Amino acid sequence: MMLLFIWGRLRYDLVAVIALLAALALGVVKPKEAFSGFSDDIVIIVASALVLSGAVQRSGVIDRAMQVVQGRGKRIRSQLLLLTSSVAFASALVKNIGALAMMMPVALQMARKSNAGPAVFLMPMAFASLLGGLITLIGTSPNIIVSRVREEMTGQPFGMFDYAPVGLTLTVMGLVFLRFGYRLLPRDRRATATLGEALDIQDYVTEAEVTAGSAAEGETIEAFETRHEQDVAITAILRAGIRSMPHPQTPLRDGDVLIMAGAPDALERVIASDGLALEGLHREMPEGAGGEVGVIEAVIGNESPLIGRTAIQIGLHEQFGVNLIAVSRHGARLARRVGNIELHSGDVIVLQGPMALIFEQLSGLGCLPLAQRTLRLGSVRKGLLPIAILAVAMAATASGYVPVAVAFFAAAALTVLSGALPLREAYEHVEWPILVMLGALIPVSDSLRTTGTTDLIGEWLGGFAAVLPPWGAVALILVAAMAVTPFLNNAATVLVMAPIAATFATDLGYRPEAFLMATAVGAGCDFLTPIGHQCNTLVLGPGGYRFGDYARLGAPLSLLVILVGTPLILWVWPV
């Protein structure tokens, strides 16, 4: 199994399945235990955490918070510290892969505005997310697995914040290092252009109404555009049905309809943060449409009945049950109301409506959906609701009244039931390969214990460490876990190493907590390769990194973790 992981030609979930089949064929895993891993609490917690992360990301709370603070850091080092700190402490509250995914769009936006390559920000953010995951029980899956091993040995699992003294100290140390160490990264790394970048669809036109109490009410056009850092431009205003060209000193009033141009993510952010009412969202959906309401981006084909007509003329909402909320035309700045724009072949449009209906109508409209581009413009947001649900789940687990798996499963279900995350998106946020790997490897790793393998390895390590002081024994486990993680994946490393570390401690006559904590820290700190942790893999493409780039920044950080983490673990968890 380890050789297949190192080889890398087969994906890790398939390797785990092959390992399970081999264990079944050899008889070390009994058929009735073969699929017990899929019902394990770890699988439920990881899946639920990913769903909750998706709901928080979709809520827009992170976007609004970052909009407030990102203007305070103009230099790259200040921006880097802001991003790494944000993702590190967010990783303590949600699974680190989810926290990193939430912050990546902000990093890419900062990189564009600073004329810096995304590579400057993304790898340090990935490393910060790994460090932040060490702070709490739910930050990363190794912590959950180690907690279960301790419960099996002593009857008491690690609590929600038992990891904090070690994890928080290592996180602060890592943030200081990344603040200066980012210079070790090559400056010439650039990501491969995505489909969205190749299409270069940046100048959408949409319309939104200024509502009572909106942040834009009473503000001049110049102040509005300046506050949003010129990310959007007001191309026209409709007041009392009369269209006029905008003057910089014109104050905005309740009821004004703004024709705005900009990139779709900027338009979405401005409309959501200022409480503007996007055109078309107030219209009732067709009877019987039901289901999830969403948005889709499509290009108008050569034979489309929309060509030469406006959305109002064709009765887009009345006849087709969908709303036109934005239009983009290459090389043109549109200043008319969206419903009054005469559509051309090749125009890119954003349609909103019931997802079950909208795909059916595209063919009738002669439009082709654009793949691999996710838009939230026009999507319904629940604001603070996902944060509140997550906070209740965390409080329930921290108090000890509700098991982690139950609390997070219930929280994930509530986010879907409340509409904070559509069911379709909930399934998309779950990383099924990770769950398959966990479900397949849990019985395989357990076979190491049932066949006596962990006892043998523990005795071997115990003999090797018999002459070592306690700090040397803890450092040995920390280094071993850190060395194995790049080849096994961090969750798989803990599944294999945690029972060995516990046996190792028992044979030496020590308490197991320090050794289990060293296993969690070592498995959670893979800074050397892009394959040991999904956070590192996530930034590989967008950052344009090469395999060897990780060790350039990660090797000195790993050494710091070993030098600082070993005495820190022993101080917090005496043996």
Side-chain angles (χ1 to χ4, degrees), residues 59-74 106 109-110 112-113 201-283 295 310-312 317 323-329 332-342 349-350 352 375-384:
S59 71
V61 173
I62 298 294
D63 290 343
R64 291 196 290 274
M66 292 306 298
Q67 185 181 4
V68 172
V69 300
Q70 70 181 359
R72 300 181 181 180
K74 299 298 184 182
V106 179
Q109 182 182 350
M110 279 191 174
R112 285 195 299 268
K113 290 185 177 180
I201 304 172
Q202 287 296 315
D203 228 7
Y204 269 109
V205 170
T206 191
E207 61 182 275
E209 182 178 341
V210 178
T211 58
S214 166
E217 187 178 8
E219 199 171 34
T220 65
I221 292 178
E222 183 180 40
F224 175 87
E225 294 181 347
T226 301
R227 180 165 57 87
H228 292 294
E229 300 183 350
Q230 311 298 329
D231 287 340
V232 299
I234 297 177
T235 59
I237 296 180
L238 281 90
R239 179 172 294 169
I242 300 174
R243 176 175 169 272
S244 62
M245 299 305 293
H247 186 277
Q249 300 306 316
T250 301
L252 301 177
R253 301 176 185 173
D254 178 20
D256 284 353
V257 176
L258 310 180
I259 313 297
M260 297 186 295
D265 59 338
L267 291 169
E268 189 273 341
R269 186 172 60 254
V270 169
I271 290 170
S273 63
D274 280 14
L276 306 178
L278 186 64
E279 168 63 18
L281 296 191
H282 63 280
R283 298 181 185 137
V295 294
T310 68
I312 294 177
H317 176 71
N323 298 320
L324 176 66
I325 60 175
V327 180
S328 176
R329 180 174 299 159
R333 172 61 67 89
L334 305 173
R336 301 179 65 86
R337 297 198 66 171
V338 172
N340 293 330
I341 294 175
E342 185 178 291
I349 58 177
V350 178
Q352 184 254 6
L375 291 182
R376 291 186 296 177
L377 182 64
S379 60
V380 178
R381 312 178 107 190
K382 296 292 183 177
L384 295 174

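All figures in this text were calculated on a predicted structure; none of them were measured in a lab.
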Self-check item: Partner set under salt bridge (Lys or Arg N to Asp or Glu O under 4.0 Å) for Arg239, not counting sequence neighbours
Solution: Asp256
Exercise. Could you tell me which residues satisfy side chain to side chain donor-acceptor pair (under 3.5 Å) with Glu342, sequence neighbours excluded, listed by chain and number?
Key: none
Self-check item: Nearest heavy-atom neighbours spanning Pro246 and Ile221
Solution: CB-CD1, 3.3 Å
Quiz item: How long is the span from the CG atom in Asn323 to the CD atom in Gln352, to the nearest 0.5 Å?
Solution: 5.0 Å
Exercise. Go through the steps for Leu258 and Ile237 under the test side chain to side chain contact (heavy atoms under 4.5 Å, CB included), then give the verdict.
Key: CA-CA 5 Å; Leu258 310 180; Ile237 296 180; 4.1 Å; yes
Self-check item: Identified side chain to side chain contact (heavy atoms under 4.5 Å, CB included) partner of Glu207 from the options Leu276, Asn340, Val257
Solution: Val257
Quiz item: Residues in salt bridge (Lys or Arg N to Asp or Glu O under 4.0 Å) with Glu225, at least two apart?
Solution: none
Exercise. Please report the closest heavy-atom contact between Ala212 and Asp254, naming both atoms and the distance.
Key: N-OD1, 3.3 Å
Self-check item: Thr226 side-chain N/O to Glu222 backbone N/O, donor-acceptor pair under 3.5 Å
Solution: yes
Self-check item: Residue pair Arg337 / Ile259: nearest heavy atoms and the distance that separates them
Solution: CA-CD1, 3.8 Å
Quiz item: Excluding sequence neighbours, so at least two apart, what forms side chain to side chain contact (heavy atoms under 4.5 Å, CB included) with Glu219?
Solution: Ala216, Ala223, Phe224, Arg227
Exercise. Mark yes or no for whether Thr206, through its side chain, and Ile325, through its backbone, hold a donor-acceptor pair below 3.5 Å.
Key: yes
Quiz prompt | side chain to side chain contact (heavy atoms under 4.5 Å, CB included) involving Arg243 - partner list, sequence neighbours excluded | solution = Ala236, Leu238, Met245, Ala335
Exercise. Identify the heavy atoms of Leu267 and Gly262 that sit nearest to each other, and give their distance.
Key: CD1-O, 3.5 Å
Quiz prompt | Distance, nearest 0.5 Å, that separates CD of Glu217 from OG1 of Thr211 | solution = 7.5 Å
Exercise. Sequence neighbours left out, what passes side chain to side chain contact (heavy atoms under 4.5 Å, CB included) with Val327? Give chain and number order.
Key: Leu324, Leu334, Val338, Ile341, Leu343, Asp347, Ile349
